[in-house]
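Computed from a predicted structure; not experimentally measured. Start at 1 with the first residue, then count along the sequence.
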Amino acid sequence: MTRAGARLVILGLSALAAGCASTPPAARDEPTRAETAAAYNLQLGVAYLQQGNLALAKEKLDRAMKHNPRDATVHGALALLNEKLGNVADADRYYRSALRLAPRNPDLTNNYAVFLCRTGRVEEGVRRFAEATRNPLYRTPWRAYANAGVCLRGAKRYDEAAANLQQAQRLRPDDAETAFQLGELELERGRPVAAREIVERHLDAFPATPELLWVGARAARGQNDRLAEERFLRRLQRDFPDSPQARAAQSSTRAEGGVR
């Protein structure tokens, strides 16, 4: 995958857990002791996974699996853990078992699609994203459209990528990440005018981000509009001085011989 692939959005594990409880037994409201133990270990495993403590995350998630092997959330969390560990085959196996247990869970479908795109299986990933967007239970379908756009952008299928990102933007016009991805896409296509229009349209209505200001500065440079470029850069340095984009701008300026 290209750099674009790094911006694919996996749903937070807490949101995934909320939407993907284990299959409830018929005519029984109270969880068993095993289910309670599984939920407790899942919670701990997710917390350790978010903290980057993969060894403890594995210990707790393995315990959760032992207590309740039919909890799709546990399988989904183990898939994410194995992906972080670089165990691609095991991650794929856990994603598939999670979806067998909860085939209509759109968050799991989105996360599996992200995994497929990260591992170069673009066609299958895009199909899974489309499946998520068609699910009436999905509360954030714009995420799947945005992710499909990023996936297709990484594969340099720019027209398809733009169509998906534009649909995401129609559903969630305030999302800065989608605007950023569209701006980057237009820069990759050699269209700085379109990239700048995307940035300025977003900034007219919603808060700035360092990513969008950096796209705007590079788009203005592509238009040879030095005043606009410096305007974007000044705002970047003023509002986000510690951001990677501000540091990149400073390095670029030094390399060119100082501030113009």
Would you please test E177 and E211 for side chain to side chain contact (heavy atoms under 4.5 Å, CB included) and show each step?
-> CA-CA 8 Å; E177 175 67 19; E211 292 88 353; 5.7 Å; no
List the steps and the verdict of side chain to side chain contact (heavy atoms under 4.5 Å, CB included) for E83 and L80.
-> CA-CA 5 Å; E83 188 175 355; L80 291 172; 4.2 Å; yes
Is there a path of hydrophobic side-chain contacts, each under 4.5 Å between heavy atoms of I/L/V/M/F/W/Y residues, joining [Y] to [X]?
X: V74; Y: Y95; value: yes
X: L81; Y: L108; value: yes
X: L85; Y: L44; value: no

Decide salt bridge (Lys or Arg N to Asp or Glu O under 4.0 Å) for R226 and E230; before the verdict, give the C-alpha distance in whole Å, the side-chain angles of both, and the deciding distance to 0.1 Å.
-> CA-CA 6 Å; R226 294 299 178 86; E230 291 181 4; over 6 Å; no
Using the test side chain to side chain donor-acceptor pair (under 3.5 Å), find all partners of [X] that sit at least two apart in sequence or belong to another chain.
X: D159; result: R189
X: Y40; result: none
X: N87; result: N82
X: R93; result: D90

So, N164 side chain and E160 main chain: donor-acceptor pair closer than 3.5 Å or not?
->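 The answer is yes, because a donor-acceptor pair under 3.5 Å joins these two groups.
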Under 3.5 Å: donor-acceptor pair, side chain of D92, backbone of V88 |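 Not a single qualifying donor-acceptor pair exists.
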For T178 and R172, what are the C-alpha separation, side-chain angles and deciding distance, and is it a side chain to side chain contact (heavy atoms under 4.5 Å, CB included)?
-> CA-CA 9 Å; T178 301; R172 187 68 184 266; over 6 Å; no
Share the residues that join L171 in a hydrophobic cluster, the rule being Ile, Leu, Val, Met, Phe, Trp or Tyr side chains under 4.5 Å apart at the heavy-atom level.
->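 Under the 4.5 Å side-chain rule, L171 groups with W142, Y145.
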For the atom pair CD (Q166) and CG (L185), what is the distance rounded to the nearest 0.5 Å?
->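 With rounding to 0.5 Å, CD (Q166) is 8.5 Å from CG (L185).
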At what distance, to the nearest 0.5 angstrom, does CG of L212 lie from CD1 of I198?
->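 Rounded to the nearest 0.5 Å, the CG-CD1 separation comes to 10.0 Å.
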So do the side chains of [X] and [Y] get within less than 4.5 Å of each other, counting heavy atoms only?
X: T109; Y: N105; value: no
X: Y48; Y: Q43; value: no
X: V193; Y: E197; value: yes
X: R143; Y: T140; value: yes
X: L187; Y: V215; value: yes
X: L213; Y: Q245; value: no
X: R104; Y: N135; value: yes
X: Q169; Y: D175; value: no

If you take all heavy atoms of [X] and [Y], which pair is closest and at what distance?
X: L165; Y: A146; value: CD2-O, 3.7 Å
X: A77; Y: L42; value: CB-CD1, 4.0 Å
X: P31; Y: E35; value: CA-OE1, 3.1 Å
X: A72; Y: L101; value: CB-CB, 3.8 Å
X: N68; Y: A38; value: CB-CB, 3.4 Å

Who are the side-chain contact (heavy atoms from CB on, under 4.5 Å) partners of K84, not counting sequence neighbours?
->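 Partners of K84 under the side-chain contact (heavy atoms from CB on, under 4.5 Å) test: L49, L54.
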Please test F180 against V199 for side chain to side chain contact (heavy atoms under 4.5 Å, CB included), starting from the C-alpha separation and ending with a verdict.
-> CA-CA 7 Å; F180 163 74; V199 170; over 6 Å; no
Pairing residues for H202 by the ring-ring contact (aromatic ring centres under 6.0 Å, His included) criterion, not counting sequence neighbours =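 H202 satisfies ring-ring contact (aromatic ring centres under 6.0 Å, His included) with F206 only.
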Would you tabulate the side-chain donor-acceptor contacts of residues 122-132 under 3.5 Å, counting partners in other chains and residues two or more places apart, or write 'none'?
residue : atom : partner : partner atom : Å
E123    : OE2  : R157    : NH1          : 2.7
E123    : OE2  : R157    : NH2          : 3.2
E124    : OE1  : R121    : NE           : 3.4
E124    : OE1  : R121    : NH2          : 3.2
E124    : OE2  : R96     : NH2          : 3.2

Could you go through residues 231-241 and list every donor-acceptor pair under 3.5 Å that involves a side-chain atom there, pairing it with any protein atom two or more places apart or in another chain?
residue : atom : partner : partner atom : Å
Q237    : OE1  : Q250    : NE2          : 3.4
Q237    : NE2  : A246    : O            : 3.2

In chain order, what residues pass the salt bridge (Lys or Arg N to Asp or Glu O under 4.0 Å) check against D242, with sequence neighbours excluded?
->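 With sequence neighbours excluded, D242 shows a salt bridge (Lys or Arg N to Asp or Glu O under 4.0 Å) to no residue whatsoever.
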Who passes salt bridge (Lys or Arg N to Asp or Glu O under 4.0 Å) against K58, sequence neighbours left out?
->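 Partners of K58 by the salt bridge (Lys or Arg N to Asp or Glu O under 4.0 Å) criterion, ordered by chain and then number, come out as D62.
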Evaluate the ring planes of H75 and Y94, with Trp represented by its six-membered ring, and classify them as parallel (under 30°), tilted (30 to 60°) or perpendicular (over 60°).
->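 H75 vs Y94 ring planes: perpendicular.
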Sequence neighbours excluded - salt bridge (Lys or Arg N to Asp or Glu O under 4.0 Å) pairs with any residue from residues 198-209 |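 Counting only pairs at least two positions apart or across chains, the salt bridge (Lys or Arg N to Asp or Glu O under 4.0 Å) contacts touching residues 198-209 are R196-E200.
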Result of checking R221, Q223, R218 against E229 for side-chain contact (heavy atoms from CB on, under 4.5 Å) |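 With E229 as partner, R221, Q223, R218 yield a single side-chain contact (heavy atoms from CB on, under 4.5 Å), made by R221.
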